[in-house]
Amino acid sequence: MAADNGDDDYQNRIKEGDYVVLKRGQIFKAVQIQQKKKVIFEKQWFYLDNAVGQLYNTTFEIASGGILQPQKVEDAESSFDSKEAGTDNRNIVDDGKSQKLTRDDIETLKEQGLKGQEIIQQLIENSSTFRDKTGYAQDKYIKRKKKKYENTVAILKPSCRIMALMYHGREPGKICHLRYDTLAQMLTLANIHAGSKVLVFETCAGLVLGAVMERMGGYGSVIQMYPGGGPLRAGVESFGFPAHFHDMLHDFPICHVNALLAGTMDTTAKDHATDEKQYNMAAEKGQNQPEGEQQGNPEEQSMETGDNPLQDQEKIEEEKRREARAQDKKMKLEEKRRKLAAAAALLEGRNADGLVIASRFHPCPVLLGLLKFLAPSRPFVVYSQYRETLIECYTKLKEQGGTVNIQLTDTWLRHYQVLPNRTHPLLLMSGGGGYVLSGTTVAVDHSKPAGSQQAEEPAPKRQKVKDTEG
Amino acid sequence: MSFVEYSDFIQDGDVAIVYLSHSSVMPVKVQHGAQTQTRYGVIRHSTDLIGKRYGSKVTCSKGGWVHVLHPTPELWTVALPHRTQILYTTDIATITMMLELKPGSVVCESGTGSGSLSHAILRTIAPTGHLHTVEFHQQRAEKVAEEFKEHRVDHLVTVRNQDVCKDGFGVTGVADAVFLDIPSPWEAVGHAKAALKKHGGRVCSFSPCIEQVQRTCEVLAEQGFEEISTLEVLLRVHDVRTISLPLPDFGPESGASENAPPNNTSVTLKTITPPREMPGHTGYLTFATKPRT
């Protein structure tokens with residue numbers, strides 16, 4: 001279709017500077033395309049230069065010297081015709097001697113530049129037991145060898161799905177062990193959609209923030225509430241969003257939350273104090289530098305002492321530079337102040353549409369503090385690695401009222417191998433993906449006491465253990 | 001009000017969600033002069049709903065109260081009138097992320113059924129995407145089209161009453177993602193491939209039976225799809241409970257005085273307990289990627 005062709009040449013081709021994801025099997029790695037920069041992935045070094053201009057989703061072979069070459073279609077569809085196969089393994093003895101090629105032999109083959117496929121073919125021919133294996137066992141053998149000797153890497157466009165899989169597989173500690181399906185639940189339960197105003201508090205390297213931004217498509221606004229000195233969102237860059245997406249992203253330091261809620265936050269005076277301090281520091285820096293230069297360089301010094309006009313000229317130049325630096329600093333601080341004021345303005349109305357929390361901080365105080373910014377009838381989701389923290393949140397929410405439909409859940413995830421006559425769940429599965437507390441805000445009713453008029457679940461009758469509803 | 005955009009106040013013609021409790025959620029078409037019966041009494045739309053803020057507490061005629069919430073696809077899934085077995089939020093959330101849906105995505109879906117997944121897709125692809133949904137049952141197709149209109153999302157969706165296995169989705173080369181929830185998905189794989197954009201896209205098939213999954217995976221592989229992956233996801237709900245456990249009395253400890261104060265007879269703690277039964281299976285989700293064709 002016409003629209004499709006227009007996409008082809010630009011949107012789907014890899015460009016220098018693009019943020020991409022390298023993939024081999026189930027292993028992912030996020031990198032940026034930079035010319036002449038060596039990249040390491042799965043114990044192999046290579047350059048991404050040849051990827052520029054190619055289409056996304058292309059699989060490349062890593063040739064000698066670390067050069068990428070697009071994999072030819074015929075190579076990709078390799079098949080190993082096994083003419084013979086056995087019926088079962090009753091006579092196959094595993095003595096470790098069935099493979100005639102030694103490690104050195106294989107290394108030699110690799111050095112000769114044999115492709116992965118060819119190496120596997122050699123391994124099959126030199127295996128005394130291969131033809132006795134059943135057809136299924138032969139398939140399994142080939143698959144294992146392919147995983148070991150294949151020399152390919154695919155280059156993908158980043159997406160929430162790929163980033164979530166990558167972080168969970170590579171660095172789960174960085175994302176509080178948030179499993180990708182748990183993240184999926186959170187995005188849906190929080191009703192993240194274009195045009196809304198969402199608050200995010202996360203310490204997941206920016207994965208959660210990036211996921212929210214992707215689901216908003218650049219429409220609406222996202223306010224990252226951050227602890228400490230500055231917002232941490234390295235992961236957001238790896239999503240490769242178009243520049244205008246960053247216009248919808250704001251940030252706000254939580255150390256100002258109480259002041260903002262109390263109405264005592266001044267987005268002008270406070271920053272003047274910081275302004276002045278930084279301004280003076282900059283001026284001092286400017287003053288110290290030229291002196292340092294003069295002291296450190298005896299040659300220059302001896303030249304200058306005898307030449308007054310030159311010294312004056314240098315002083316004037318130095319003054320100009322110092323002024324320029326100070327001006328620059330001033331502009332940056334003004335920009336910072338302006339952004340803070342803009343974020344505060346978005347929060348002040350207490351009419352945010354959604355709240356997403358996923359951090360290593362105790363979620364209870366975070367939730368209770370940030371819930372105040374939500375309009376009534378809006379969803380919130382809180383993620384925690386640990387159930388106890390969410391039990392506390394649940395209890396506090398029930399006590400203070402103002403929320404309904406509160407649920408504490410986690411998801412159970414299992415992958416399957418689907419092959420003819422060999423379909424079964426995989427042998428290993430995820431032990432856990434974290435817990436989620438979700439709910440919806442309601443208008444706070446000050447006239448009646450908080451608490452449901454009906455127990456969410458009635459006390460069971462005739463129990464040996466005395467059971468009361470929390 | 002719309003299912004893809006929030007508003008603050010309830011208006012005549014809106015579809016609002018009346019929340020009584022977690023297991024009791026009902027949709028209400030707000031109309032001047034209309035009334036809605038609940039177990040706590042009557043809700044009079046003109047006085048109790050219209051003009052009120054979403055999220056307000058509404059006291060019903062018998063004295064009990066409910067909350068009126070802004071509709072979301074998640075609340076709709078729990079509240080909607082079933083015409084078929086539906087997909088629940090857990091599967092919907094997984095599908096949304098694994099199909100890489102986002103604003104602007106073009107999606108093809110079949111069968112539409114009761115529209116549970118459809119509403120979630122529309123919410124995610126708005127305002128610039130489009131959903132082409134195919135339902136072979138005429139009444140169901142008409143009913144869901146009506147709902148899309150009432151929910152103010154009809155501009156984002158096209159409903160086609162046809163058989164996807166024979167006639168496809170009605171469009172070709174435009175979709176970023178295709179979703180199949182039909183008895184014989186392997187018969188629609190070819191149409192899915194045709195509907196997807198030339199440069200590639202994602203496909204998902206939902207099937208309750210493993211035999212269906214096997215046939216579908218085979219055809220997906222034959223048709224050149226890559227990254228074929230089957231999984232299942234189940235929701236575990238945890239009930240927060242305060243429980244009191246009695247402590248055993250082993251008698252007074254030796255050396256303790258006769259007038260020692262009695263020990264505590266029980267300990268109270270907060271914990272989570274599992275429900276007696278939980279959903280053990282909904283369906284298998286099979287995902288795949290169509291490479292460039």
Side-chain angles (χ1 to χ4, degrees), chain A residues 1 3-4 7-8 12 55 57 159-161 164 180-181 183-185 187-189 191 193-196 214-217 219 353 375-379 387 391 394-395 404-405 407-416 418 420 423 440-443 445 453-454 456-457 465-470, chain B residues 4-6 8 19 21-22 53-57 64-65 67 69-70 72 74 89-90 92-94 96-98 100 102-104 120 123-124 126-127 173-174 197-200 210 213-214 217-218 229-245 266 270 272 284 291-292:
Chain A
M1 308 293 116
D4 204 26
D7 276 345
D8 253 8
N12 302 311
L55 292 163
N57 276 342
S159 71
C160 168
R161 171 182 78 95
Y180 44 95
D181 63 304
L183 175 60
Q185 300 302 315
L187 294 169
T188 292
L189 288 169
N191 193 18
H193 63 276
S196 46
E214 182 178 285
R215 292 278 274 261
M216 293 181 63
Y219 300 95
D353 297 314
S377 188
R378 297 291 186 269
R387 53 174 74 165
I391 293 174
Y394 182 101
T395 308
V404 294
N405 207 15
Q407 246 199 337
L408 212 192
T409 59
D410 77 306
T411 45
W412 187 91
L413 176 74
R414 187 140 98 170
H415 284 260
Y416 284 72
V418 179
T423 300
T440 306
T441 55
V442 289
D445 181 28
Q453 63 196 327
Q454 48 148 287
E456 287 289 335
E457 190 156 326
V465 167
K466 189 175 167 210
D467 208 306
T468 54
E469 202 264 310
Chain B
V4 298
E5 203 179 320
Y6 281 122
D8 294 324
Y19 181 94
S21 73
H22 179 67
R53 216 176 237 287
Y54 276 107
S56 298
K57 190 192 236 179
W65 39 263
H67 282 101
L69 302 178
H70 193 285
T72 65
E74 289 61 59
T89 301
T90 312
I92 292 174
T94 310
T96 306
M97 190 179 86
M98 299 298 273
E100 304 186 356
K102 52 187 191 260
R123 173 267 312 275
T124 303
V174 301
K197 285 179 176 159
K198 183 167 178 286
H199 67 76
I210 200 69
V213 173
Q214 288 179 299
C217 285
E218 226 176 303
S229 155
T230 301
L231 56 93
E232 65 175 337
V233 59
L234 295 174
L235 188 72
R236 293 175 39 128
V237 180
H238 304 286
D239 296 329
V240 178
R241 290 268 166 277
T242 305
I243 62 162
S244 194
L245 301 168
S266 67
K270 252 203 185 342
I272 50 178
Y284 301 102
R292 183 178 198 79

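Letters A, B, ... are given to chains in the order of the sequence lines, protein chains preceding strands, and every chain is numbered from 1. Scope of the values below: all heavy atoms of this structure, side chains included, with no hydrogens, waters or symmetry mates.
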Classify the ring geometry of B:Y6 against A:H193: parallel below 30°, tilted from 30° to 60°, perpendicular beyond 60°. tilted
Report which part of B:S266 has an atom under 4.5 Å of a heavy atom belonging to chain A: side chain, backbone, both, or neither. neither
Check whether A:Q185 gets within reach of chain B through its side chain, its backbone, both or neither, counting any heavy atom under 4.5 Å. both
Out of A:R215, A:M216, A:Q407, A:R378, return the one with the most heavy atom pairs under 4.5 angstrom to chain B. A:R378
Under 4.5 Å between any side-chain heavy atoms of B:V213 and A:T423, yes or no? no
Apply salt bridge (charged side-chain N to carboxylate O under 4.0 Å, His left out) to B:K102 and A:E214, showing your working. CA-CA 7 Å; B:K102 52 187 191 260; A:E214 182 178 285; 5.2 Å; no
Is the shortest heavy-atom distance from the side chain of B:H22 to the side chain of A:N405 under 4.5 Å? yes
Among B:T94, B:T89, B:T90, which residue forms the greatest number of heavy-atom pairs with chain A at distances under 4.5 Å? B:T90
Against chain A, work out which of B:R123, B:R53, B:E5 has the most heavy-atom pairs shorter than 4.5 Å and name it. B:R123
From A:Y394 OH over to B:R241 CZ, what is the distance, rounded to the nearest 0.5 angstrom? 7.0 Å
At what distance, to the nearest 0.5 angstrom, does NZ of B:K270 lie from OG1 of A:T395? 4.0 Å
Any side-chain donor paired with an acceptor under 3.5 Å for A:N57 and B:R292? no
Relative to chain A, which of B:G104, B:P127, B:S56, B:A126 shows the most heavy atom pairs under 4.5 Å? B:P127
Residue A:R414 versus chain B: region with a heavy atom under 4.5 Å: both
With chain B, which of A:T409, A:V442, A:D410 has the greatest number of heavy-atom pairs at distances under 4.5 Å? A:D410
Need one label for A:T411: side chain, backbone, both or neither, based on atoms under 4.5 Å from any heavy atom in chain B. both
I'd like to know which of B:E232, B:E74, B:E218, B:E100 tops the heavy-atom pair count under 4.5 Å against chain A. B:E232
Under 4.5 Å from a heavy atom of chain A, the part of B:I272 involved: both
Which atoms of B:H70 approach chain A - backbone, side chain, both or neither, heavy atom under 4.5 Å: both
Using heavy-atom distances under 4.5 Å, tell me whether A:Y180 contacts chain B through its side chain, its backbone, both, or neither. both
Ranked by heavy-atom pairs below 4.5 Å to chain A, first place among B:L234, B:L235, B:L231, B:V233 goes to B:L234
Just so I know, are the side chains of A:L187 and B:T96 near enough to count as touching, which here means a heavy-atom distance under 4.5 Å? no
About how many Å separate CE of B:M98 and CG of A:D181, when rounded to the nearest 0.5 Å? 9.0 Å
